[in-house]
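So the structure is just underneath, and the comments pick up after that.
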Protein chains: 2
Amino acid sequence: MLENIFGLILKEIRSEKNISQEKLAEFSNLDRTYISLLERGLRQPTLTTIFKLSAALQITPQELIHKVYESYQHAKK
Amino acid sequence: MLENIFGLILKEIRSEKNISQEKLAEFSNLDRTYISLLERGLRQPTLTTIFKLSAALQITPQELIHKVYESYQHAKK
DNA sequence: TTGTGACTTCCAGTCCGTC
DNA sequence: AGACGGACTGGAAGTCACA
């Protein structure tokens with residue numbers, strides 16, 4: 001549930017910034033295929049991964065989590 | 001690094017709310033010993049654990065992350 | 001540019017307990 | 001109430017070749 005939402009939000013933000021999965025992987029020091037797994041909701045990030053990704057996307061972790069939270073609250077109903 | 005900060009923040013918030021580790025474990029459906037590991041910075045939470053914990057502490061996930069982020073930014077210098 | 005399957009290593013998280 | 005230990009299972013981290 002949360003993984004899927006996180007994946008969608010991640011993809012959404014990345015797309016808005018016109019960054020490829022490859023570039024995001026490079027900026028965050030994560031593997032390109034791992035980004036793909038995250039976006040498809042097949043993996044769940046840990047705290048440090050959340051921080052790495054938000055830094056790479058040039059947003060704060062709380063902004064990222066906030067979007068996930070909003071979407072999650074909405075989806076729960 | 002991040003684990004330690006997260007642990008401190010978690011303990012801080014929990015203490016402020018006067019909740020025992022045991023109660024927090026109960027509210028969040030996590031193990032008592034695991035809460036202890038988190039607070040001592042020996043384990044790192046995943047996204048769902050962050051959500052579970054913040055729900056149990058009656059704060060939003062972004063508030064929790066925000067505190068961690070502030071403390072992290074401060075510690076980096 | 002991304003999805004996917006396969007794989008290994010390591011850690012998230014649980015359960016038993018003691019101090 | 002909380003620190004800390006050992007042993008365990010599932011699943012995340014991290015990487016590869018290929019479609």
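Note on naming: letters A, B, ... go to the chains in the order of the sequence lines (proteins, then strands), and numbering restarts at 1 for each one.
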Within residues 14-28 of chain A: residues closer than 4.0 Å to DNA chain D (heavy atoms) =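 Per residue number, the list is empty: none.
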Mind running a 4.0 Å heavy-atom check of residues 43-55 of chain B against DNA chain C and sending the residues that fall below it, in number order?
->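 DNA chain C contact set from residues 43-55 of chain B: R43(B), Q44(B), P45(B), T46(B), T49(B).
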Distance from N29(B) atom CG to L24(B) atom CG, nearest 0.5 Å?
->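 It comes to 11.0 Å.
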Got [X] and [Y] here, is their nearest side-chain heavy-atom distance under 4.5 Å?
X: E39(B); Y: R14(B); result: yes
X: I50(B); Y: I50(A); result: yes
X: F6(A); Y: L64(A); result: yes
X: S71(B); Y: L8(B); result: no

Can a donor-acceptor pair under 3.5 Å be found between the side-chain atoms of T33(B) and the base atoms of dC15(C)?
->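 Pair found.
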Chi angles and distances behind the salt bridge (charged side-chain N to carboxylate O under 4.0 Å, His left out) call for E3(A), R40(A) | CA-CA 8 Å; E3(A) 318 88 60; R40(A) 283 177 291 138; over 6 Å; no
Take the angle between the ring planes of F51(B) and Y69(A) and call it parallel below 30°, perpendicular above 60°, tilted in between.
->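 If you compare the ring of F51(B) with that of Y69(A), the planes turn out tilted.
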So, is K11(B) close to the dA3(D) phosphate, meaning a side-chain N or O under 4.0 Å from OP1 or OP2?
->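 True: K11(B) side-chain N/O within range (under 4.0 Å) of dA3(D) OP1/OP2.
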Hey, does N29(B) reach any base, or is it just sugar-phosphate, or nothing, if we go heavy atoms under 4.0 Å?
->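 Since only primed, P, OP1 and OP2 atoms lie under 4.0 Å of N29(B), the category is sugar-phosphate.
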Could you tell me whether I35(A) contacts a base, only the sugar-phosphate backbone, or nothing, with contacts defined as non-hydrogen atoms closer than 4.0 Å?
->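 The residue I35(A) makes no contact with any strand.
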Return the nearest nucleotide to the side chain of R32(A); candidates are dC15(C), dG3(C), dC4(D).
->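 When the side chain of R32(A) is considered, dG3(C) is the closest of dC15(C), dG3(C), dC4(D).
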Show your working on salt bridge (charged side-chain N to carboxylate O under 4.0 Å, His left out) between E26(B) and R32(B) and close with a plain yes or no.
-> CA-CA 8 Å; E26(B) 185 185 320; R32(B) 173 184 60 80; over 6 Å; no
Given DNA chain D, 5'-ward residue of the pair L42(A) and S36(B), judged by closest heavy atom |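 Of the two residues, S36(B) wins.
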Which angle, to the nearest 10 degrees, lies between the helix axes at the two ends of the helix from dT2(C)-dA19(D) to dC19(C)-dG2(D), each defined by five pairs?
->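 Taking five pairs per end, the axes differ by 40°.
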Measure from the side-chain N and O atoms of Q73(A) to the backbone N and O of E70(A), and report whether any donor-acceptor pair falls under 3.5 Å.
->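 The answer is no, because no donor-acceptor pair under 3.5 Å joins these two groups.
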